[in-house]
Amino acid sequence: MNQTLSRRSAQHLSQVALFAALMAVLGLIPKIDLPFGVPITAQTLGIMLAGCLLGPRRGLQALLLFIVAVAVGLPLLSGGRGGLAPFVSPAAGYLYGFAPAAFVTGLVMQMLPRAGAPMQLAINAFIASMTGGILFLHAMGIGGLMVLAQMPLDKAFLADMAFVPGDVIKCLLCAAIVHTIARALPDWDFPGRRSPER
């Protein structure tokens with residue numbers, strides 16, 4: 001029993017580290033700078049995947065590990081940014097939202113029925129990604145623009161809209177990746193409510 005728990009804990013730790021590393025890899029993809037100081041990056045896809053594949057707790061842990069690594073100076077954000085400067089930039093609201101957004105994504109994924117079929121899991125992943133990776137994360141970003149860039153709500157909202165089309169594509173990509181993993185690794189422990197046994 002203890003050996004099984006130990007093996008499971010080691011697996012969970014490795015998954016947390018793996019997804020923190022995935023965030024760093026996604027940071028290597030060049031960012032697109034927008035005029036109001038918030039870049040378009042691929043790293044929001046990592047947030048969605050962490051929540052959908054690891055669930056709320058481990059997804060949160062993976063992103064917290066990543067954020068701590070950035071804060072201590074590792075250049076893991078897109079464009080090779082790291083240290084404390086990004087935490088006071090106009091984009092800081094999004095950055096502060098990374099870990100909670102992974103948690104919300106995982107929580108929504110966990111609440112949805114898990115029928116086991118890859119297509120159902122993909123649909124769940126799309127819904128969860130839209131909720132955590134767009135609705136929640138963008139609300140954090142808008143708040144950051146209002147506080148740190150001194151934008152009024154209407155301007156912050158309009159500025160944020162520049163990210164929505166790309167993030168919807170990331171939600172679709174996340175769903176496609178979940179579908180692929182569900183087919184290739186049927187034993188993957190996806191978050192979600194299991195259907196009652198008949």
Side-chain angles (χ1 to χ4, degrees), residues 6-34 36-110 125 128-129 131-145 147-149 160 163 166-167 170-171 173-174 177-178 181 188-191:
S6 178
R7 190 181 300 117
R8 190 171 178 83
S9 296
Q11 181 185 31
H12 287 176
L13 284 172
S14 64
Q15 288 175 343
V16 166
L18 176 65
F19 275 81
L22 173 64
M23 286 292 292
V25 170
L26 290 171
L28 297 175
I29 299 173
K31 62 187 175 75
I32 300 172
D33 287 307
L34 297 180
F36 50 91
V38 182
I40 296 175
T41 77
Q43 289 179 312
T44 44
L45 175 60
I47 296 167
M48 298 170 185
L49 287 171
C52 289
L53 294 175
L54 300 183
R57 186 172 59 85
R58 282 177 289 147
L60 175 70
Q61 290 169 346
L63 270 295
L64 284 175
L65 178 60
F66 174 78
I67 291 297
V68 168
V70 170
V72 299
L74 296 181
L76 302 180
L77 293 173
S78 60
R81 295 169 299 137
L84 297 178
F87 292 88
V88 292
S89 71
Y94 298 95
L95 188 56
Y96 288 122
F98 274 18
F103 180 84
V104 171
T105 301
L107 191 62
V108 173
M109 187 78 175
Q110 187 172 275
S129 297
T131 305
I134 294 185
L135 293 178
F136 180 85
L137 186 60
H138 285 235
M140 293 286 292
I142 289 170
L145 288 171
V147 173
L148 296 164
D160 178 80
F163 300 101
D167 281 351
K170 292 172 199 171
C171 290
L173 185 55
C174 177
I177 292 170
V178 166
I181 291 175
W188 186 279
D189 188 22
F190 287 96

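All values reported here derive from a predicted model rather than from experimental measurement. We count residues from 1, following the sequence as given.
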Q: Nearest 0.5 Å please: distance from the CG atom of L22 over to the CG atom of L53.
A: 9.5 Å

Q. Among L137, T105, V104, which residue meets the side chain to side chain contact (heavy atoms under 4.5 Å, CB included) test with T131?
A. V104

Q: Enter the distance from L107:CG to L60:CG here, rounded to the nearest 0.5 Å.
A: 11.0 Å

Q) What distance do D189 atom CG and H12 atom NE2 have between them, rounded to the nearest 0.5 Å? A) 6.5 Å

**Q.** Shortest non-hydrogen separation from V88 to L148 and the atoms involved
**A.** O-CD2, 4.2 Å

Q.
Please give me the minimum heavy-atom distance between A42 and I29, naming the atom from each residue.
A. CB-CD1, 3.7 Å

Q | Point-to-point distance, once rounded to the nearest 0.5 Å, from CZ of R58 to CD of Q11 | A | 7.5 Å

Q) Of the non-hydrogen atoms in P75 and G80, which two are nearest, and what is the gap between them? A) CB-O, 3.2 Å

**Q.** Student check: side-chain heavy atoms of I67 and F87 closer than 4.5 Å
**A.** yes

Q: Can you see which heavy atom on A128 is nearest to which on M109, and at what distance?
A: CB-N, 3.7 Å

**Q.** CA sep, side-chain torsions, deciding dist, call: I47, M23, side-chain contact (heavy atoms from CB on, under 4.5 Å)
**A.** CA-CA 8 Å; I47 296 167; M23 286 292 292; 4.2 Å; yes

Q: Answer whether the closest heavy-atom distance between the side chains of L45 and C174 falls below 4.5 Å.
A: yes

Q: List the steps and the verdict of side-chain contact (heavy atoms from CB on, under 4.5 Å) for F163 and T41.
A: CA-CA 9 Å; F163 300 101; T41 77; over 6 Å; no

Q. Any idea which heavy atoms bring L26 and G46 closest together, and the distance?
A. CD1-N, 3.4 Å

Q) To the nearest 0.5 Å, what is the distance between CG (D160) and CD1 (I142)? A) 4.0 Å

Q | Heavy-atom pair with the smallest gap, counting every atom of A125 and V178 | A | CB-CG2, 3.7 Å

Q: Could you check if a side-chain atom of F190 sits within less than 4.5 angstrom of a side-chain atom of I181, using non-hydrogen atoms only?
A: yes

Q. Do the rings of Y94 and H138 sit parallel, tilted or perpendicular, given the 30° and 60° boundaries?
A. perpendicular

Q: Look up atom CD in Q61 and atom CG in L64, then write down how far apart they are to the nearest 0.5 Å.
A: 8.0 Å

